[in-house]
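Below is one structure, written out as structure tokens; the observations come after it.
This is a predicted model, so every value here is computed, not measured. In the text below, chain A, chain B and the rest are named by the order of the sequence lines, each starting its count at 1.
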Protein chains: 2
Amino acid sequence: MTLAEENYLKAIFHLEFENGGEVSTNAIAERMDTKPSSVTDMVQKLAEKDVLVYKRYKGVQLTDEGKKLAAYVIRKHRLWEVFLVDKLNFHWDEVHEIAEQLEHIQSEELIIRLNEFLGNPDFDPHGDPIPDEHGVLKRTEKKLLSELDKNQQGVCVGVKESSPEFLQYLDKKEISIGTKILVLGKEFFDGSMIIRVGNNQFFISHKIAESLFVQTT
Amino acid sequence: MTLAEENYLKAIFHLEFENGGEVSTNAIAERMDTKPSSVTDMVQKLAEKDVLVYKRYKGVQLTDEGKKLAAYVIRKHRLWEVFLVDKLNFHWDEVHEIAEQLEHIQSEELIIRLNEFLGNPDFDPHGDPIPDEHGVLKRTEKKLLSELDKNQQGVCVGVKESSPEFLQYLDKKEISIGTKILVLGKEFFDGSMIIRVGNNQFFISHKIAESLFVQTT
DNA sequence: ATATATTTTAAGCTTTGCCTAAAATTATAA
DNA sequence: TTATAATTTTAGGCAAAGCTTAAAATATAT
Ligand SMILES: [Mn+2]
Ligand SMILES: [Mn+2]
Ligand SMILES: [Mn+2]
Ligand SMILES: [Mn+2]
């Protein structure tokens, strides 16, 4: 597997996970920021390698092998992110790009030992679950903050967006994984909210509210 | 810098360090396991980038920039080796291939923090010095075990060869960095020796003796 | 049924890193 | 010093990866 192939696999895995069923050429093209014709090329190459099933005009679906490979790359990515934050004291908004490189390092033993060294973590610094050694990614029961109603409370368990800009916004507002958030008010016209975080209360837009995952108890 | 370019730089740096002066096309080809014509190609590309000076038929010499880049790759390689051995409990004969990949990860901050995390190590697990942040590689005053005479003693400070086979041989003989070695006898015909290590004494060939670095006090 | 959207094919481009064979240059040795 | 040998460079080319545009094929929606 080349670096590009691994990145396609990851993208397809995520799309399949998000939407279920076959993944369309256009969806992959958008995600990978390439042209659909490039996707067709690549997808045919990946089908040759039996990591996905491709039917002309019908989209693709990962095989078990493909799912395993993709989940493994994601596992590596997230383990490295844990390493960077927990051991090297990086901040959660700085680790993605580096993990994007580290995820392609080839050594099974390395990942076994890294995982042990990190104490078998279940989640990465952004609250995303780490696939296990067999490529199983557990679905967590979490909802978007935007789905909460007035007076409901949730604990922040992850971010949907993990761009530095968004993460830095969260820092400014003192929101991180584990923070309790109470919805004081909700504007149904635009989905904006007033929330309480610790001793502060403030306004957030719908865009923010739908980028934060929370768990209600 | 691509991966291949970085590997050429490393090879040239080592050759220059070992032999001094210009490095010949053939020497590079042999080290990189390619044809001389491929080396000429690459060397011309590297000259374009001002990391070395190339004069047709006269060999090459790294510029300051080139030396700095090469030393930095070597620094990364050796720091990662320390990480693998000290933190992930790899054995010293297992780390080279993985470090060969990790050395190409691009992130200055990563290396700054990795270095701190490891406590600013000066040597890698094979006793090789780690270039500092400015690309300075200190020459250590060490000699080959084969240079010692009868009754001389040295402390093992490094290995010239670091193939798994050789390192495993050393393990079997209970020799590692820091081990005291006493030369009990030396055969001038073939350079073989009888040495004492701890409570054992045994025969070693010249090939072994010239693959071990020692420091005499 | 027709228009629109999606997807695939065909053809080709660029980069990277190699190679062989032939020519050029330098080194060596008679 | 000149012939021979060794080294190095050029010329030309190949293959793999990943892309792209333009045109053709297929699917979908009105
Ligand atoms: Mn990430
Ligand atoms: Mn990636
Ligand atoms: Mn090494
Ligand atoms: Mn390398």
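Distances shown here put every side-chain N or O of B:N26 at or beyond 4.0 Å from the OP1 or OP2 atom of D:dA6. Close to C:dT7, at under 4.0 Å from its OP1 or OP2, lies no side-chain N or O of A:Y54. A close approach under 4.0 Å does not occur between any side-chain nitrogen or oxygen of B:R56 and OP1 or OP2 of D:dT7.
Summarising the geometry, the separation between CD on A:E22 and P on D:dT28 is reported as 11 Å, rounded to the nearest angstrom. Counting to the nearest Å, the C1' atom of D:dT26 and the OH atom of A:Y57 are 5 Å from each other. If you measure from atom CD of B:Q44 to atom P of C:dG17, you get 15 Å, rounded to the nearest angstrom. If you measure from atom CD of A:E30 to atom C1' of C:dA5, you get 14 Å, rounded to the nearest angstrom.
The 12-atom threshold is exceeded at NZ of B:K49, counting heavy atoms of other residues, nucleotides or ligands nearer than 6.0 Å. Heavy-atom neighbours of A:D190 CG from other residues, nucleotides or ligands within 6.0 Å: above the threshold of 12.
Side-chain contact, A:H91 with A:D93: a donor N or O sits under 3.5 Å from an acceptor N or O. A:E161 and A:S163 are linked by a side-chain donor-acceptor pair at a separation below 3.5 angstrom, with hydrogens and angles left out of the test. B:H104 and B:N7 are linked by a side-chain donor-acceptor pair at a separation below 3.5 angstrom, with hydrogens and angles left out of the test. With hydrogens and angles left out, the side-chain atoms of A:H96 and A:E100 include a donor and acceptor closer than 3.5 Å. Side-chain atoms of A:Q106 and B:E97 form no donor-acceptor pair, as typed in the model, at a separation below 3.5 Å.
Across all non-hydrogen atoms, the minimal contact from A:I177 to A:P125 is CG1-O, 3.7 Å.
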Mark up nucleotides 11-20 of chain D, 5' to 3', with B wherever a protein heavy atom is under 4.0 angstrom from a base atom, S wherever such an atom reaches only the sugar-phosphate, and - elsewhere.
-------SBB
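If one axis is set at each end of the helix from C:dA1-D:dT30 to C:dA30-D:dT1 from five pairs, those axes are 0° apart, to 10°.
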